[in-house]
Every structure is written in C-alpha cells, then in structure tokens.
Amino acid sequence: MGKPKVVLGVSGGIAAYKACELLRRLTESGHDVRVVPTASALHFVGAATWSALSGHPVSTEVWSDVHEVPHVRIGQQADLVVVAPATADMLAKAAHGLADDLLTNTLLTARCPVVFAPAMHTEMWEHPATQENVATLRRRGAVVIEPAVGRLTGADSGKGRLPDPTEIFEVCRRVLARGATEPDLAGRHVVVSAGGTREPLDPVRFLGNRSSGKQGYALARTAAARGARVTLIAANTGLPDPAGVDVVPVGTAVQLREAVVKAAADADAVVMAAAVADFRPETYATGKIKKRDGQDPDPIVLVRNPDVLAEISAARPRPGQVIVGFAAETDDVLANGRTKLRRKGCDLLVVNEVGERKTFGSEQNEAVVFGADGSETSVPFGPKEALAETVWDLVAERLG
Ligand code: CTP
C-alpha cells in the first residue's frame, strides 16, 4: 500500500506560516502531501516553500498542467483534505460549493474526509454568516475544528487563532485512521473531565492524586476528530490544549463540579475521566501552617466533596444524555464495577484494571466497560486513544 495521500489546502491568512509545520509533521509521518494554496495564501508563504517541503509542484488555479485535469484528480485521489488555515471566505466558498480556483475545485471533487481549521478575527468567526457556513459544512460531514482563543494578528486577542499545528496534525491522524467513516459525533456537544483535583490545605500545600489527565485528553481529541463540539474540564493537567476543544481549567472538586454542571446543561454526553477527590480539608489556612517545637501537628479534618458523577446521573439535565464514569479497581473488577455502576447511576462505567504495569501517567490502558443495560466490553491493553474510541463507539450507539 502506498503512502496515504493528503491534500493540504492553505487559504489566505497570516496563520499560513503555521501550515508549514503541519506539512512537515504530515510528511515526516509518512504521508504524501500535495499543497494547494489559494492565490491570497501565496502573499503570506510563497510557492517555493510549499513545493520544497512537500516535494510536489504547487499551483493555485486550474490552468496549469491542464492535460492532467488536476482540478478533478487531486480531490478524487485524496485520502484526506485538510484546509489550514481556513479563512471566513474559504468556509463561505466551501459551504456554497463555489469553484473558482484549484482548492475550491478540489473540495468539490473530494469524497474523502475533510477537515477545516479556521483562523480569523473573533468578529468574523462569530458573524452569523460564518457560523451558518460552519454549521452547513458540519452537517455535510466535514470536521470543522473550533479556533483557539488567544493573541490574534494585531495587538487584540480572542477566539479565532489557528490551533497549534501539532494538535491539528493529531486531528488529521485520527480522522485518517477512521477512513471513510462518517464523523458520528457531528452536531453533538460532549463534556469530558480530566486530570486530578487538588484540595488546598494552605497557600503552599494541597491533597492531590496522581492522575495525569492523559486518558481524558485522549477522549477529548478523539471526540473532536469524530466531529463533536468538546468541552474539556481540565483539573491540574499541564497538558497542551487539544485542537478544537474548549478547555475550562479547574483546581478543586467543588470548582470541577460547578464547571461540569454548567457545561452538562446542553451536553449530549458527559464523560467523567477526572480523578475527583472524595474529601477536602474542612478548613483552609490562609497563612502557611508552621511547625511548632515540641508540639504535635494538628490533625487534618476532612469533609466530603460532592459526588459529581452521581449528581449529574440523578439530575439528567438533558433528556437522552449519555453519562459515563471511570473507576480504577484492583480486585474483584467485575463485581466492584457492576456495583459501582449501579451506585453512581451512570449509563456506562469504564473500569481500569489497575496493576503493576498500568500506572497513572502511562500512555496505555486496559479496561472493561460496563453498560447499565448489562453489556460488557473488554478493551485490551493498548493506547489510551483506542480505549477512547471504544468509549465513543458505545456512547454513539446509545445516542442513536
Ligand atoms: N467521581 C465524582 N465525584 C467524586 C468522586 C468521583 O464525580 N467526588 C467520579 C469520577 O470522575 C469517576 C467515578 O466517579 O468517573 C468513579 O470514581 P471512583 O473514585 O472510582 O469512585 P468512588 O465514588 O470514589 O468509589 P470508591 O470510594 O468506592 O472507590
């Protein structure tokens, strides 16, 4: 089998320079990449750069190499088309089926998955015309990555930045791996919690846990690649924001509860992958707790934190919502898993078999997913994203 063929469409925005990094990642990971810039994109990065980095000739319009019918062939042969950056103008053209250059022609002839990574000023992104175009493209099955929030071209900042090229690459990799499968979470809003909460004792100390957040981030990335709008409630992870994901940073269990309850109000699915502290210190010392010579330390009195998973499972803020919990068990996995599923009242419970080689922070995981309907799905030891895909398969089945 030859290398997967990727078309990298580049439209005319300042973020075009970031597409060079995306191109590099794609070629270095074994993809055959054909760059199709628009004429305006060449104002930002020249054809020589695209040609040298991709190893292919570059043209913007349909009148070069006409005998090869490039406006049809490039799209037909592609396994993936990714447009990064996608300007407001490009989204409008794609949504309306205009075909006045090589890239827009390619978008019409491509039958493979298409990913758009928009970048523009906040006002342009939020304009109803752009939002309707994005909705149209998503309805037709394209993956439109939400722009990142941050510094824009000038001194201003807001939503509209092109996400980090490494993260766009991750989305492309996942979309390619799914092949011609439809983005089955398109139009859905999913909420994922990740990481571990920290319960402060004084300004320098906290009670915490070893959760790295990697499983939750894998869930967020895979959901975005399957077309979902993703809200990631991230507790103390220190991981880079995944592309197209709204990240809400939180510290404590109480803050996590507030963020999850708010985001869950209009969510189709909630996946609680975070390790939430069951207890917090009853009092918080505003000054550092000092040791005193000859005196025993004061005991730390703990109080219960809210059980977020049980609370949202009972409240079901939206009808038909699918709620997923996680649990780490060492013994009696099957019996403990079933009991916990009933106690929490969720629809699915992913039970990690915690063992010696399956430690917090590792890249791999092994699990059994219990369904409230009696189903039981084993996920063999493997990458956390494989487990994430299985979780979304089970969620998508239940969402119908
Ligand atoms: N969870 C939660 N709120 C808490 C504690 C846990 O929402 N205060 C969620 C976790 O995000 C996870 C699930 O509940 O999805 C199971 O967590 P786990 O710690 O295994 O369950 P516990 O209720 O703490 O059960 P046990 O003490 O028996 O281990």
Side-chain angles (χ1 to χ4, degrees), residues 190-200 206-220 223 231-237 248-265 267 269-282 302-317 321-355 358-360 365-372 377 379 384 387-388 390-392 394-395 398:
V190 306
V191 176
V192 177
S193 71
T197 60
R198 291 180 180 175
E199 310 301 319
F206 58 81
L207 302 181
N209 61 68
R210 292 184 193 278
S211 175
S212 66
K214 287 179 182 168
Q215 183 62 63
Y217 276 58
L219 281 154
T231 305
L232 176 62
I233 317 289
N236 311 297
T237 58
V248 182
V250 294
T252 65
V254 169
Q255 289 167 355
L256 181 137
R257 177 198 165 270
E258 200 176 307
V260 170
V261 167
K262 185 166 172 238
V270 181
V271 181
M272 288 290 298
V276 186
D278 287 322
F279 309 100
R280 66 177 180 277
E282 185 179 40
L302 299 175
V303 292
R304 281 291 288 270
N305 268 330
D307 186 325
V308 188
L309 178 61
E311 180 183 337
I312 53 165
S313 297
R316 301 276 165 174
Q321 194 171 55
V322 179
I323 297 176
V324 186
F326 268 70
E329 302 287 343
T330 46
D331 313 297
D332 254 343
V333 176
L334 301 189
N336 285 340
R338 285 251 157 253
T339 311
K340 193 169 279 187
L341 176 71
R342 274 194 298 278
R343 184 157 56 79
K344 298 277 188 176
C346 49
D347 302 295
L348 293 163
L349 187 76
V350 185
V351 182
N352 287 308
E353 296 179 36
V354 185
K358 305 153 206 162
T359 48
F360 285 110
N365 222 341
E366 176 174 11
V368 186
V369 188
F370 295 102
T377 312
V379 186
K384 290 186 170 176
L387 172 56
T390 305
V391 170
W392 294 124
L394 296 168
V395 168
R398 282 157 179 80

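Small disclaimer: the values here were computed from a predicted structure and weren't measured. For ligands, and for the atoms within them, numbers begin at 1 and follow the listed sequence. For reference, positions follow the sequence shown, starting with 1.
- Ligand-side atoms of ligand 1 in range of Gly325: 15 (O), range being under 4.0 angstrom from any heavy atom.
- Near Arg343, meaning under 4.0 Å from any of its heavy atoms, are these atoms of ligand 1: 23 (O), 25 (O), 28 (O).
- Atom CD of Glu311 is surrounded by more than 12 heavy atoms from other residues, nucleotides or ligands within 6.0 Å.
- Asn365 contributes no side-chain N or O that, together with a main-chain N or O of Lys384, makes up a donor-acceptor pair within less than 3.5 Å.
- Ranking the protein heavy atoms by distance from atom 9 (C) of ligand 1 puts Leu309 CB, 3.8 Å first.
- The protein non-hydrogen atom at the shortest distance from atom 27 (O) of ligand 1 is Asp278 OD2, 3.9 Å.
- Val308 N, 3.1 Å is the protein heavy atom nearest to atom 3 (N) of ligand 1.
- If you look at Ala275 next to ligand 1, there are no close heavy atoms at all, none under 4.0 Å.
- Of all heavy-atom pairs between Val192 and Gly216, the closest is CG1-O, 3.5 Å.
- A donor-acceptor contact shorter than 3.5 Å is absent between the side chain of Arg198 and the backbone of Leu207.
- When atom types are taken as modelled, the side chain of Thr197 and the backbone of Thr252 share no donor-acceptor pair closer than 3.5 angstrom.
- Taking CG of Leu219 as the reference point, atom CE of Met272 lies at 12.0 Å (rounded to 0.5 Å).
- If you look at Ala274 next to ligand 1, the close heavy atoms, those under 4.0 Å, all belong to the backbone.
- Ranking protein heavy atoms by distance to atom 14 (O) of ligand 1, first place goes to Lys344 NZ, 3.1 Å.
- When atom types are taken as modelled, the side chain of Asp347 and the backbone of Ile323 share a donor-acceptor pair closer than 3.5 angstrom.
- The protein non-hydrogen atom at the shortest distance from atom 29 (O) of ligand 1 is Lys340 NZ, 3.1 Å.
- For ligand 1, the atoms closer than 4.0 angstrom to any heavy atom of Ala327 are 20 (O).
- When only non-hydrogen protein atoms are considered, atom 8 (N) of ligand 1 lies nearest to Pro306 O, 2.9 Å.
- Within a 4.0 Å radius of atom 19 (O) of ligand 1, the protein contributes no heavy atom.
- Heavy-atom separations between Ala273 and ligand 1 are all 4.0 Å or longer.
- Residue-ligand proximity: Arg257 is placed with every non-hydrogen atom at 4.0 Å or more from ligand 1.
- Using a distance-only test at 3.5 Å, with no hydrogens or angles considered, a donor-acceptor pair links the side chain of Gln321 to the main chain of Ala264.
- Phe326 O, 2.9 Å is the protein heavy atom nearest to atom 12 (C) of ligand 1.
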Check your understanding: Could you walk me through whether Ile233 and Thr231 pass the side-chain contact (heavy atoms from CB on, under 4.5 Å) check?
Key -> CA-CA 6 Å; Ile233 317 289; Thr231 305; 4.0 Å; yes

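- A donor-acceptor pair is defined here as one N or O able to donate and one able to accept, closer than 3.5 Å; no such pair exists between the side chain of Asn209 and the backbone of Ala277.
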